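All ligand and atom numbering here is 1-based and tracks the order in the structure. As the structure is a computational prediction, the values presented were derived from the model and not from experiment. The figures here come from the full heavy-atom set of this structure, side chains too, leaving out hydrogens, waters and symmetry mates.
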Amino acid sequence: MTKTAFITGATSGFGRATAKRFDAEGWQTVISGRRGERLDALKAELTNPSHSIVLDVRDRDAVAAAVDGLPEAFTPIDVLVNNAGLAVGLEGADEVSLDDWDLMVDTNIKGLMYCTRALLPQMVANGYGHVVNIGSIAGSWPYPGGNVYGATKAFVRQFSLNLRADLVGKNIHVTDIEPGLAETEFSEVRFKGDKDKASAVYDDVDPIKPEDVADAVFWAATRPRNINVNRIEIMAGAQAFSPFNIVRGLK
Ligand code: NDP
Ligand code: 8X3
């Protein structure tokens, strides 16, 4: 039977690659994001039925309405990929704009909560479902300027585990995929449109590609039901850890 994946943030990067991957494997897709023209372009590339929704995940009522208004042929949703998200800014916590912090909390935490809460009832009623959340290595590994962005992704990690605790026995699986350095529009968004600063992030390294993340999402979502993949952490081959930061001369 045809399965359906609902992907948030399908207009770019991981979300777009994930929609294409599920489509290539014969799935139907529900693709969403704020940029309608990007959704139209993606839909034209997909080979299986796809339903697109212009949706801002921060808008709680709009998320509920989008889920309530799904065409019958696209329900129930089998897999929700909570991918929509962003980092804004890399300033230290004593300098950063509170608006930037609010934006990350509203999108990465509250938007993900709204989408999950809206779709879980139909998964439970259907006795089948999988929520794949896109976390980040920033949820586990601190770095300067990661402040609230990393904390939102730590929320995603813990929320994923707590969802499992609630849903075990209802045949709803949950996975947190935690990528590291990956080339998408992520840095352009983080640096508020500064393309030079964004491209410097990927200068002379071979980062993770959107298709690598799509591969992990698809793999996790299609394991036999006797297992649940709790989390997958993926770093670029060129990325590792720094030593602890010891600042001299403070006493
Ligand atoms: P992109 O900027 O390329 O894509 C982000 C997607 O999120 C876009 O489709 C955008 O769509 C969507 N989005 C942002 N805000 C909203 C909103 N309010 N409502 C709906 N959709 C929204 O970045 P990535 O593909 O890299 O990011 C995808 C996810 O992966 C994010 O959660 C990010 O934190 C995470 N991540 C990224 C890493 C990286 O290095 N690239 C590494 C680890 C995790 P639109 O603007 O059209 O609404
Ligand atoms: C994105 C990866 O390391 O820039 O989540 O925070 S990182």
Side-chain angles (χ1 to χ4, degrees), residues 6-20 30-42 52-60 62-63 66 81-90 100 102-115 132-157 159-160 176-193 195 197-202 205 207-214 216-217 231-236 238-242:
F6 188 123
I7 299 142
T8 68
T11 57
S12 172
F14 301 163
R16 186 173 183 281
T18 298
K20 291 183 76 165
V30 177
I31 52 175
S32 68
R34 292 166 300 176
R35 288 170 289 179
E37 70 290 355
R38 295 264 192 120
L39 293 174
D40 292 345
L42 174 59
S52 65
I53 312 173
V54 174
L55 179 65
D56 186 332
V57 295
R58 294 170 296 171
D59 184 338
R60 180 168 147 171
V63 169
V81 184
N82 271 319
N83 163 77
L86 77 182
V88 209
L90 198 59
D100 290 353
D102 276 345
L103 180 54
M104 290 187 278
V105 169
D106 289 346
T107 310
N108 303 355
I109 296 182
K110 294 173 82 177
L112 184 140
M113 278 167 27
Y114 298 155
C115 295
V132 181
N133 293 325
I134 305 298
S136 168
I137 60 162
S140 303
W141 306 101
Y143 60 83
N147 43 63
V148 162
Y149 177 68
T152 66
K153 294 303 187 178
F155 167 89
V156 174
R157 191 183 64 244
F159 185 58
S160 303
D176 184 25
I177 309 270
E178 303 170 2
L181 182 77
E183 188 163 8
T184 61
E185 293 176 13
F186 176 83
S187 293
E188 215 176 303
V189 172
R190 168 169 258 174
F191 297 123
K192 302 176 180 173
K195 287 185 194 295
K197 224 166 157 182
S199 68
V201 173
Y202 312 108
V205 289
I208 299 167
K209 291 172 181 52
E211 292 72 22
D212 300 323
V213 174
V217 172
R231 54 188 290 266
I232 301 177
E233 183 180 85
I234 309 165
M235 282 193 184
Q239 186 171 36
F241 317 93
S242 299

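- Every residue meeting the salt bridge (charged side-chain N to carboxylate O under 4.0 Å, His left out) condition with Arg58, not counting sequence neighbours, appears here in chain and number order: Asp56.
- Using a 4.5 Å cut-off on side-chain heavy atoms (C-beta onward), Ile177 and Ile234 make contact.
- Near Ile134, meaning under 4.0 Å from any of its heavy atoms, are these atoms of ligand 1: 29 (C), 30 (O), 35 (C).
- Taking a cut-off of under 4.0 Å to the non-hydrogen atoms of Gly135, the atoms of ligand 1 that pass are 43 (C), 44 (C).
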After noting the C-alpha distance and the side-chain angles of Tyr143 and Leu90, does the key distance pass the side-chain contact (heavy atoms from CB on, under 4.5 Å) rule?
CA-CA 10 Å; Tyr143 60 83; Leu90 198 59; 3.8 Å; yes

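- Scanning all protein heavy atoms for the shortest distance to atom 43 (C) of ligand 1 gives Pro179 O, 3.1 Å.
- Residue Gly180 places a heavy atom less than 4.0 Å from ligand 1.
- Put simply, the side chain of Ser52 never gets that close to the backbone of Ser32: no donor and acceptor are under 3.5 Å apart.
- For Lys110, the NZ atom counts as loosely surrounded, since its 6.0 Å shell holds 12 or fewer non-hydrogen atoms of other residues, nucleotides or ligands.
- Across Ala236 and Pro207, no two heavy atoms sit closer than the pair CB-CA, 4.1 Å.
- Summary of contacts: the protein heavy atom closest to atom 28 (C) of ligand 1 is Asn83 OD1, 3.1 Å.
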Hey, what polar pairs (N/O, under 3.5 Å) does ligand 2 make with protein?
from, atom 1, to, atom 2, distance (Å)
ligand 2, 5 (O), Ser136, OG, 2.5
ligand 2, 5 (O), Tyr149, OH, 2.6
ligand 2, 6 (O), Tyr143, OH, 2.6

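- Of the heavy atoms in Lys153, only side-chain atoms (C-beta onward) come closer than 4.0 Å to ligand 1.
- For the ligand labelled ligand 1, residue Arg38 lies outside the 4.0 Å heavy-atom shell.
- Taking atom 39 (C) of ligand 1 as the reference point, the nearest protein heavy-atom neighbour is Ala182 O, 3.6 Å.
- Contact atoms of ligand 1 toward Asp56: 17 (C), 18 (N), 19 (N) (distance under 4.0 Å to a heavy atom of the residue).
- Here the CD-OG1 distance, from Glu37 to Thr11, works out to 8.5 Å after rounding to the nearest 0.5 Å.
- Ionic pairing of Lys195 and Glu188 is present here: one or more N-O contacts between side-chain nitrogen and carboxylate oxygen are shorter than 4.0 angstrom.
- The distance criterion of under 3.5 Å between nitrogen or oxygen atoms is not met by Tyr202 with respect to ligand 1.
- Listed for the Asn108 side chain is a donor-acceptor partner under 3.5 Å among the backbone atoms of Leu86.
- Using a 4.0 Å cut-off between a side-chain N of Lys or Arg and a carboxylate O of Asp or Glu, Glu185 and Arg38 qualify as a salt bridge.
- Looking only at protein heavy atoms, the nearest one to atom 48 (O) of ligand 1 is Arg34 NE, 2.6 Å.
- For ligand 1, one of its N or O atoms has an N or O atom of Val57 under 3.5 Å away.
- In this comparison of Gly13, Gly33, Gly85, the heavy atom closest to atom 5 (C) of ligand 1 sits on Gly85.
- The protein heavy atom nearest to atom 20 (C) of ligand 1 is Leu55 O, 3.3 Å.
- A search for salt bridge (charged side-chain N to carboxylate O under 4.0 Å, His left out) contacts involving Arg34 returns nothing, not counting sequence neighbours.
- Within ligand 1, counting atoms from 1 as listed, the ones closer than 4.0 Å to a heavy atom of Tyr149 are 33 (C), 34 (O), 35 (C), 36 (N), 44 (C).
- Contact annotation: the side chain of Lys20 approaches that of Leu42 to within less than 4.5 Å [non-hydrogen atoms, C-beta and beyond].
- Residues satisfying the salt bridge (charged side-chain N to carboxylate O under 4.0 Å, His left out) test with Arg231, not counting sequence neighbours, are Glu178, Glu233.
- Residue Phe14 has at least one nitrogen or oxygen atom sitting less than 3.5 Å from a nitrogen or oxygen atom of ligand 1, judged on distance alone.
- In plain terms, the two heavy atoms of Pro179 and Ile134 that are nearest each other are CD-CG2, 4.3 Å.
- The backbone N or O of Lys209 sits less than 3.5 Å from a side-chain atom of Asp212, completing a donor-acceptor pair.
- The two residues Ser140 and Pro142 make their nearest non-hydrogen contact at O-CD, 3.7 Å.
- For atom 26 (O) of ligand 1, the nearest non-hydrogen atom of the protein is Thr184 OG1, 2.6 Å.
- Nearest non-hydrogen protein atom to atom 12 (C) of ligand 1 is Gly9 CA, 3.6 Å.
- From the protein, the heavy atom lying nearest to atom 8 (C) of ligand 1 is Thr11 OG1, 3.5 Å.
- Here Ile137 has no heavy atoms under 4.0 Å from ligand 1, in either its backbone or its side chain.
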